[in-house]
Visitor: 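Have a look at this one.
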Amino acid sequence: SEYSCKYVTEKATYEVWYWFDVGENNPNDEKYIGTAVGLNNCRNVAMTYHRQNESFRPWNSRSYICVLMDDGRRIEKHR
């Protein structure tokens, strides 16, 4: 990555994407659920979404992806 660790973890803006059934590997299942600043906040957005919409299923850390944004462009994917 061309971005510093501090930038990625604390300052970068991310799109947060969620998969309801990640095990099915179906790209049509993905849903944009919001934006976050910093990787921890990205995870928190995904976990909150899960609690509000899928609390009947166990949390799966593979159910979300954080897409680093730079000047309106999708640059890198993180978890």
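Values below: every heavy atom of this structure, side chains too, minus hydrogens, waters and symmetry copies. All values derive from a computational prediction rather than experimental measurement. One is the number of the first residue; the rest follow in order along the sequence.
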Visitor: Within the 4.5 Å heavy-atom criterion, are Arg51 and Thr48 side-chain neighbours or not?
Guide: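 Contact flag for Arg51/Thr48 side chains = yes.
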
Visitor: Taking atom CD of Glu15 and atom CD1 of Ile33, what is their separation to the nearest 0.5 Å?
Guide: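 It comes to 11.0 Å.
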
Visitor: Look up atom CG in Asn41 and atom SG in Cys66, then write down how far apart they are to the nearest 0.5 Å.
Guide: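 So the gap between those two atoms works out to 10.0 Å.
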
Visitor: Which atom pair, heavy atoms only, marks the closest approach of Val22 to Arg62?
Guide: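 For Val22 and Arg62, the tightest heavy-atom pair comes out as CG2-O, 3.4 Å.
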
Visitor: Is a side-chain donor-acceptor pair under 3.5 Å present for Glu76 with His78?
Guide: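 There is such a pair between these side chains.
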
Visitor: Evaluate the side-chain proximity of Asp21 to Asn26: yes if any heavy-atom separation is below 4.5 Å, no if none is.
Guide: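 Side chain of Asn26 against side chain of Asp21, heavy atoms only: no contact under 4.5 Å found.
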
Visitor: Kindly indicate whether the side chain of Leu39, heavy atoms from C-beta on, has any atom under 4.5 Å from the side chain of Tyr14.
Guide: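 Contact flag for Leu39/Tyr14 side chains = yes.
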
Visitor: Verify the neighbour count for atom CG of Asn60: are there more than 12 heavy atoms of other residues, nucleotides or ligands below 6.0 Å?
Guide: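 Yes - once you tally the heavy atoms of other residues, nucleotides and ligands closer than 6.0 Å, there are more than 12.
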
Visitor: I'd like to know whether the aromatic ring centres of Tyr49 and Tyr18 sit less than 6.0 Å apart in this structure.
Guide: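 Between Tyr18 and Tyr49, which both carry aromatic rings, the centre distance is below 6.0 Å.
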
Visitor: Calculate, to the nearest 0.5 Å, the distance between atoms OG and CD belonging to Ser63 and Glu30 respectively.
Guide: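 Spacing of OG (Ser63) from CD (Glu30) equals 12.5 Å.
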
Visitor: Within a strict 4.5 Å, meaning less than it, do heavy atoms of the Trp17 and Lys31 side chains meet?
Guide: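 Answer no - side chains too far apart.
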
Visitor: Kindly indicate whether the side chain of Val16, heavy atoms from C-beta on, has any atom under 4.5 Å from the side chain of Thr35.
Guide: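 Heavy-atom side-chain distance check fails, nothing below 4.5 Å.
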
Visitor: Quick check: closest heavy atoms across Pro58 and His50, and the distance to 0.1 Å?
Guide: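 That would be O-CE1, 3.7 Å.
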
Visitor: Would you check if Lys11 and Ser4 make a side-chain contact, meaning some heavy-atom pair closer than 4.5 Å?
Guide: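 Not touching, per the 4.5 Å side-chain cut-off.
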
Visitor: If you measure from CE on Met69 to CD1 on Ile75, what distance do you get to the nearest 0.5 Å?
Guide: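 If we round to the nearest 0.5 Å, Met69:CE and Ile75:CD1 are 7.5 Å apart.
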
Visitor: Within the 4.5 Å heavy-atom criterion, are Ile65 and Arg79 side-chain neighbours or not?
Guide: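 Touching, per the 4.5 Å side-chain cut-off.
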
Visitor: Answer whether the closest heavy-atom distance between the side chains of Tyr3 and Asp70 falls below 4.5 Å.
Guide: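 Yes. Closest side-chain heavy atoms under 4.5 Å.
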
Visitor: Look only at the side chain of Arg57 and the backbone of Phe20, and say whether a donor-acceptor pair between them is shorter than 3.5 Å.
Guide: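 Yes: the side chain of Arg57 pairs with the backbone of Phe20.
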
Visitor: When clusters are formed by joining ILVMFWY residues with side-chain heavy atoms under 4.5 Å apart, either directly or through shared neighbours, do Trp19 and Trp59 land in the same one?
Guide: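 Shared cluster, no.
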
